[in-house]
Amino acid sequence: MEHLEQFWTQRYQDGRTGWNIGYPSTPIKTFFDQLEDKEQSILIPGAGNAYEAEYAYALGFQNVYVLDIARPPLEAFHQRVPNFPEGQLLHADFFRHVGNYDLIVEQTFFCALEPTAKRRRQYAEHMHRLLKPGGQLMGLLFKHKLDLTKGRPFGGSLEEYRSYFEDLFEIEVMEDCYNSIKPRQGNEYFLLLRKA
């Protein structure tokens, strides 16, 4: 964890945060707007500045947990949303995190991981472990071709993504995202998976 923590901490300190759009992503915001159960527990791993968590909390979702391996975005979030419970800001390695959630939100976390089949499969398996029976994994994955020479964000194909998830989850939706933010239009898949 130490090496990764240093890497991401440095990115925040240097302001190299090209993924930071400064507001909640439209597809995730729209999904939250449709949820009625405000009591459900929600995890946003690799959350960065966590505008989605801020939005959900403002909507009345009290059990939102923000997880990141770097401290700077968590500290920035605490300053921006001072009434958010500090105990729900988790400075941790996702792959070592233990919990039980109704919903996990994927927002530019998967695309930042080491893009090996092994690591991506570990991601899918750990998501499965963290979800309650019937729990959902919802979010966005980049659909551009995986090109290791260009670095993050790493993309992939629908076929590849399905191979990591289909034996662990019921795939409710995994398709082109129709309401991506303008800079990402045509370059995202929306996914909604349910733990069987």
Side-chain angles (χ1 to χ4, degrees), residues 1-113 123 126-127 129-132 135-141 152-153 177 179-184 188 190-192:
M1 172 175 164
E2 193 173 308
H3 164 71
L4 279 173
E5 181 178 355
Q6 289 171 348
F7 173 83
W8 290 108
T9 297
Q10 197 65 52
R11 292 286 298 252
Y12 282 99
Q13 290 173 343
D14 295 345
R16 290 184 295 129
T17 55
W19 61 86
N20 178 20
I21 61 174
Y23 54 89
S25 178
T26 305
I28 294 174
K29 180 177 175 287
T30 301
F31 186 84
F32 279 137
D33 288 343
Q34 297 168 3
L35 295 179
E36 295 178 2
D37 179 9
K38 300 281 175 45
E39 300 301 312
Q40 60 185 301
S41 54
I42 301 170
L43 174 68
I44 306 180
N49 291 291
Y51 298 105
E52 289 77 15
E54 181 179 0
Y55 182 77
Y57 190 69
L59 280 181
F61 291 91
Q62 298 296 306
N63 300 314
V64 180
Y65 293 81
V66 175
L67 184 149
D68 206 282
I69 200 165
R71 281 192 192 279
L74 297 172
E75 291 166 353
F77 182 90
H78 180 60
Q79 289 179 353
R80 203 173 73 238
V81 194
N83 60 333
F84 189 88
E86 268 192 85
Q88 291 168 218
L89 293 174
L90 311 174
H91 175 237
D93 180 342
F94 165 77
F95 291 96
R96 296 182 180 178
H97 179 61
V98 177
N100 215 224
Y101 300 96
D102 296 298
L103 174 67
I104 303 179
V105 177
E106 165 54 50
Q107 168 67 330
T108 66
F109 175 50
F110 182 91
C111 70
L113 298 172
Y123 166 99
H126 198 54
M127 285 292 185
R129 275 192 293 275
L130 290 171
L131 284 166
K132 297 176 182 176
Q136 292 179 300
L137 170 59
M138 177 275 299
L140 302 160
L141 298 174
R152 296 173 175 85
C177 186
N179 61 346
S180 297
I181 62 169
K182 199 167 184 179
R184 297 178 185 167
E188 289 182 316
F190 181 80
L191 77 153
L192 181 61

* What's the spacing between L59 CG and K38 NZ if we round to 0.5 Å? -> 6.0 Å
* Do Q107 side-chain atoms and Y51 backbone N/O form a donor-acceptor pair below 3.5 Å? -> no
* **Main-chain N/O of E39 paired with N63 side-chain donor or acceptor, under 3.5 Å** => yes
* Asked: What closest approach, in Å, do A76 and N49 show between heavy atoms, and which atom pair accounts for it?
  -> CB-OD1, 4.4 Å
* Asked: Shortest non-hydrogen contact from L67 to A92?
  -> CD2-O, 3.5 Å
* Out of T26, N179, L103, which residue meets the side-chain contact (heavy atoms from CB on, under 4.5 Å) rule with F31? -> L103
* To do: Assess whether side chain to side chain contact (heavy atoms under 4.5 Å, CB included) is satisfied between Y57 and Q62, documenting all intermediate values.
  => CA-CA 6 Å; Y57 190 69; Q62 298 296 306; 3.8 Å; yes
* Under a 4.5 Å cut-off applied to non-hydrogen side-chain atoms, are Y55 and D33 in contact? -> yes
* Minimum heavy-atom separation for P45 to M127, with atom names? -> CG-CE, 3.8 Å
* Around R71, counting heavy atoms of other residues, nucleotides and ligands shown, do more than 12 lie under 6.0 Å from its CZ? -> no
* Nearest 0.5 Å please: distance from the CG atom of D93 over to the CG atom of D68. => 10.5 Å
* Is there a donor-acceptor pair under 3.5 Å between the side chain of H97 and the backbone N or O of L130? -> no
* Would you check, one step at a time, whether the test side chain to side chain contact (heavy atoms under 4.5 Å, CB included) holds for C177 with R184? => CA-CA 10 Å; C177 186; R184 297 178 185 167; over 6 Å; no
* Taking every non-hydrogen atom, the tightest pair across H91 and A70 -> CD2-C, 3.9 Å
* Asked: Once the angle between the rings of Y123 and F110 is folded into 0 to 90°, is it parallel (under 30°), tilted (30 to 60°) or perpendicular (over 60°)?
  -> perpendicular
* Under 3.5 Å: donor-acceptor pair, side chain of E54, backbone of F77 -> no
* Structure fact -> Rounded to the nearest 0.5 Å, the CD1 atom of I28 sits from the CZ atom of F190 at a distance of 8.0 Å
* Asked: Looking at CG of L35 and CD1 of I42, how far apart are the two atoms once the value is rounded to the nearest 0.5 Å?
  -> 6.5 Å
* Do side-chain atoms of Q40 reach the backbone of D37 as a donor and acceptor pair under 3.5 angstrom? -> yes
* To the nearest 0.5 Å, tell me how far L140 CG sits from E106 CD. => 8.0 Å
* To do: Assign the ring pair F95 / F109 to parallel, tilted or perpendicular, where the plane angle (0 to 90°) is split at 30° and 60°.
  => tilted
* Asked: How close do L74 and L89 get, heavy atom to heavy atom, and via which atoms?
  -> O-CD1, 4.0 Å
* Value rounded to 0.5 Å, distance of OG in S25 from CZ in F32 -> 10.5 Å
* What pair of heavy atoms forms the shortest contact from V66 to A47, and how long is it? -> CG1-CB, 3.5 Å
